[in-house]
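Just so it is clear: chains get the letters A, B, ... in the order the sequence lines come, proteins before strands, and each one is counted from 1.
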Number of protein chains: 2
Amino acid sequence: MLKKERHDFIMRQINLHNRVLTSDLVQLLTVSEDTIRRDLQELADEGLLFKVHGGALSKSYHSSFDDSTVYARDSKIIIAKKATNLITDGMVVLTGGGTTILEFVKQLPKNIEATFFTISPLVAVELAKYNNIEVILIGGLFSKNSQVTYGGQVITQLAELKADLCLMGTSAIHPEQGLTDTYWEINQLKKAMLAASKKTAVLCISEKLDIALRLRVCPIGSISYLITELDQDHESLTGYRDKEVNIL
Amino acid sequence: MLKKERHDFIMRQINLHNRVLTSDLVQLLTVSEDTIRRDLQELADEGLLFKVHGGALSKSYHSSFDDSTVYARDSKIIIAKKATNLITDGMVVLTGGGTTILEFVKQLPKNIEATFFTISPLVAVELAKYNNIEVILIGGLFSKNSQVTYGGQVITQLAELKADLCLMGTSAIHPEQGLTDTYWEINQLKKAMLAASKKTAVLCISEKLDIALRLRVCPIGSISYLITELDQDHESLTGYRDKEVNIL
DNA sequence: TATATTATTGCAATAAAACGCAAAAACACG
DNA sequence: CGTGTTTTTGCGTTTTATTGCAATAATATA
């Protein structure tokens, strides 16, 4: 393999996973550690990556690392990590959009093998970094506000799908009123997503608990899992536990 | 064997395998290393390949690899700006993916009013920043390499569409061979995109001119506009102008 | 702090490239 | 046809690039 090809390979790995380990590259490219280190050094000299102890990091990733613009990011990371426990190899998963779902994707183990349907382009791009995940993007009208596809075409496609698990964020959940929303289009969309999945997990930060909005998506009983940043036995979650929702 | 024949042979190898080794060519052509090096040097001087230590690499291959640091970004901005002139209010536009198309979106005037169909999630997200553009993302399998949707579902949806204009990038264009590609899936996709549009504009940097790859997308006559970073009357474009392609 | 992992450095073997040169072939032209 | 010129090619030599190894230093991790 030519040196230039190795460099291209390394850059592709970097762009895909935001990081590379020297040891991984040694195996993948079957050259000595020294060669990989020199490669990384040269690429770093060109300003294409950050060389660190043990490997290298993507520049873009590094600069956008502390993305403090994401609201309540710490809570969302906790939620995302909990959600990954629901995913097992071979699963067919359907996801919505939103920062919490995006964080969930970033927390997935690198080698997981699954099929993901999603209505979020950003989630699709993030999922594409995983070699063993098949990604299907559900197409349709693209919403400027929520950054997901919606509308009749999406609902038609969802009607043909039966996923093992649906992961969605929400702007409101209430022990009596269930899942509710403000916009009719999003409401219709979520109904279709629920119908397209055997089980549904709702990911939301605690401040969205006990809120009911105008339009009802489903009763609380239709939710299989509720994932918040709170402890499983936190008192705020009593109302949901009583309705036999699994609290994670 | 004549020198020209050797050059043709080398270029065929390059387009077929994206790479050649000096040592292989020495054996295949039974000439000395010096001769091969001189051949590669001359072809590199003509801009037909990248000469590297140990051999040479295809230009299209190389530039499709590193999509982090956008290759030839200045040229792509020039191309993108030219392309925006093709867009008028009320138009229905279909776009592919790639860094050049993405740059094109960023160069669009803010108040333009149009409908955009796209197979690229990144393009969709960028288009969503424009208030008066309706964005429809065409869904399907998501390609980890080219970051666009593809496959049967995409082609079925394209079959129902008739856009005014299709904008696509390419890895190779040739005055006699037309538009060509290396991968069958992408080839099928581009054919469907062409069929779904009244006119087609191809955006590519000049180093992709006069290259023919394995699979043919369409003859040069099917292209309405060719947009490069070169001046309209540049001599490299003569072959295309003769085929009645509009050069921008 | 102790231990394991990862980096750095200088060095040597090998491979590739560059350079100058000369033989051979192709070409130009009276 | 002959002669001078240009092009092409290969050879030997020098220079440079690439790679792996071993000894040592730095860094991470328990």
Side-chain angles (χ1 to χ4, degrees), chain A residues 1-59 61-63 65-66 77-78 81 84 106-107 109-111, chain B residues 1-59 61-63 65-66 69 71 207:
Chain A
M1 181 174 251
L2 300 169
K3 180 169 150 180
K4 180 76 187 146
E5 292 181 296
R6 267 200 330 266
H7 284 198
D8 287 341
F9 181 90
I10 293 170
M11 284 315 296
R12 206 168 40 151
Q13 291 290 115
I14 283 271
N15 292 329
L16 224 49
H17 299 118
N18 289 322
R19 59 168 227 164
V20 285
L21 303 183
T22 308
S23 53
D24 285 355
L25 290 173
V26 166
Q27 292 211 324
L28 286 165
L29 298 170
T30 53
V31 288
S32 74
E33 287 191 343
D34 304 66
T35 302
I36 294 298
R37 288 206 187 90
R38 273 184 287 245
D39 286 343
L40 294 179
Q41 187 58 56
E42 285 159 24
L43 291 168
D45 289 347
E46 291 177 53
L48 298 176
L49 48 73
F50 279 119
K51 193 170 173 304
V52 296
H53 195 95
L57 294 175
S58 154
K59 276 211 155 177
Y61 180 74
H62 199 267
S63 57
F65 188 78
D66 61 338
I77 290 175
I78 295 169
K81 282 183 178 159
T84 59
K106 290 179 181 171
Q107 299 290 339
K110 289 293 168 197
N111 56 346
Chain B
M1 181 175 254
L2 300 172
K3 183 168 152 183
K4 179 81 176 101
E5 290 179 294
R6 265 199 334 265
H7 284 200
D8 289 346
F9 180 88
I10 292 170
M11 284 316 295
R12 272 201 304 277
Q13 292 290 115
I14 283 272
N15 290 329
L16 210 56
H17 301 117
N18 288 322
R19 61 178 287 208
V20 285
L21 302 183
T22 308
S23 54
D24 285 355
L25 290 173
V26 166
Q27 292 211 325
L28 287 165
L29 299 170
T30 52
V31 287
S32 74
E33 285 193 340
D34 302 65
T35 303
I36 294 298
R37 284 202 191 94
R38 273 183 287 245
D39 285 343
L40 294 179
Q41 187 58 57
E42 286 158 25
L43 291 167
D45 289 347
E46 291 177 54
L48 299 176
L49 48 72
F50 279 118
K51 194 170 174 303
V52 297
H53 195 97
L57 295 174
S58 153
K59 283 209 158 181
Y61 174 74
H62 168 262
S63 49
F65 241 163
D66 62 340
T69 51
Y71 179 73
E207 65 184 36

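Close to D/dT9, at under 4.0 Å from its OP1 or OP2, lies no side-chain N or O of B/Thr35.
One interatomic measurement links the two molecules: CG of B/Leu29 to C1' of D/dT9, which rounds to 14 Å at whole-angstrom precision. Regarding A/Leu25, its CG atom lies at a distance of 11 Å from the P atom of C/dA7, rounded to whole Å. One interatomic measurement links the two molecules: CZ of A/Arg19 to P of C/dT6, which rounds to 12 Å at whole-angstrom precision. Rounded to an integer number of Å, the gap from CG of B/Asp39 to P of C/dA17 is 13 Å. Between B/Lys4 atom NZ and D/dT8 atom P the separation is 13 Å, expressed in whole Å. Rounded to whole Å, the distance from CZ on B/Arg6 to P on D/dT7 is 16 Å. Rounded to whole Å, atom C1' of D/dT9 lies 10 Å from atom NZ of B/Lys3. Rounding to whole angstrom units, CG of residue A/Leu40 and P of C/dA7 are separated by 8 Å.
Under the salt bridge (Lys or Arg N to Asp or Glu O under 4.0 Å) criterion, A/Lys81 pairs with no residue, sequence neighbours left out. With sequence neighbours left out, A/Glu46 forms a salt bridge (Lys or Arg N to Asp or Glu O under 4.0 Å) with no residue at all. Every side-chain hydrogen bond (donor to acceptor under 3.5 Å, both in side chains) that A/Ser32 has, sequence neighbours left out, goes to A/Thr35.
At distances below 3.5 Å, at least one donor-acceptor pair connects side-chain atoms of A/Thr22 with backbone N or O atoms of A/Gly54.
Using a 4.5 Å heavy-atom cutoff, the side chains of B/Glu5 and B/Phe9 are not in contact. Counting heavy atoms from C-beta outward, B/Leu49 and B/Ile10 have side chains that approach closer than 4.5 Å. Side-chain contact between A/Leu40 and A/Arg37: absent, with no pair of heavy atoms (C-beta onward) separated by less than 4.5 Å.
A salt bridge between B/Asp8 and B/Lys4 is present, with a side-chain N of the basic residue lying under 4.0 Å from a carboxylate O of the acidic one.
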What nitrogen or oxygen pairs link the protein and nucleotides 24-27 of chain C at under 3.5 Å?
none

Under 3.5 Å, which protein N or O atoms sit close to an N or O of nucleotides 8-16 of chain C? Give each pair with its distance.
residue : atom : partner : partner atom : Å
C/dT8   : OP2  : A/Lys51 : NZ           : 3.3
C/dA16  : O3'  : B/Gly54 : N            : 3.3

inquiry  = Run the side chain to side chain contact (heavy atoms under 4.5 Å, CB included) test on A/Lys3 and B/Val52 for me, step by step, so that the C-alpha distance in whole Å, both residues' side-chain angles and the decisive distance to 0.1 Å come before the verdict.
reply    = CA-CA 8 Å; A/Lys3 180 169 150 180; B/Val52 297; over 6 Å; no

task = Test A/Leu2 against B/Leu21 for side chain to side chain contact (heavy atoms under 4.5 Å, CB included), laying out the working first.
result = CA-CA 9 Å; A/Leu2 300 169; B/Leu21 302 183; 3.7 Å; yes

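Taking the C1' atoms of five terminal pairs at each end of the helix from C/dT1-D/dA30 to C/dG30-D/dC1, the two resulting helix axes are inclined by 40°, rounded to 10°.
Around atom CZ of A/Arg6, more than 12 heavy atoms belonging to other residues, nucleotides or ligands sit under 6.0 Å away.
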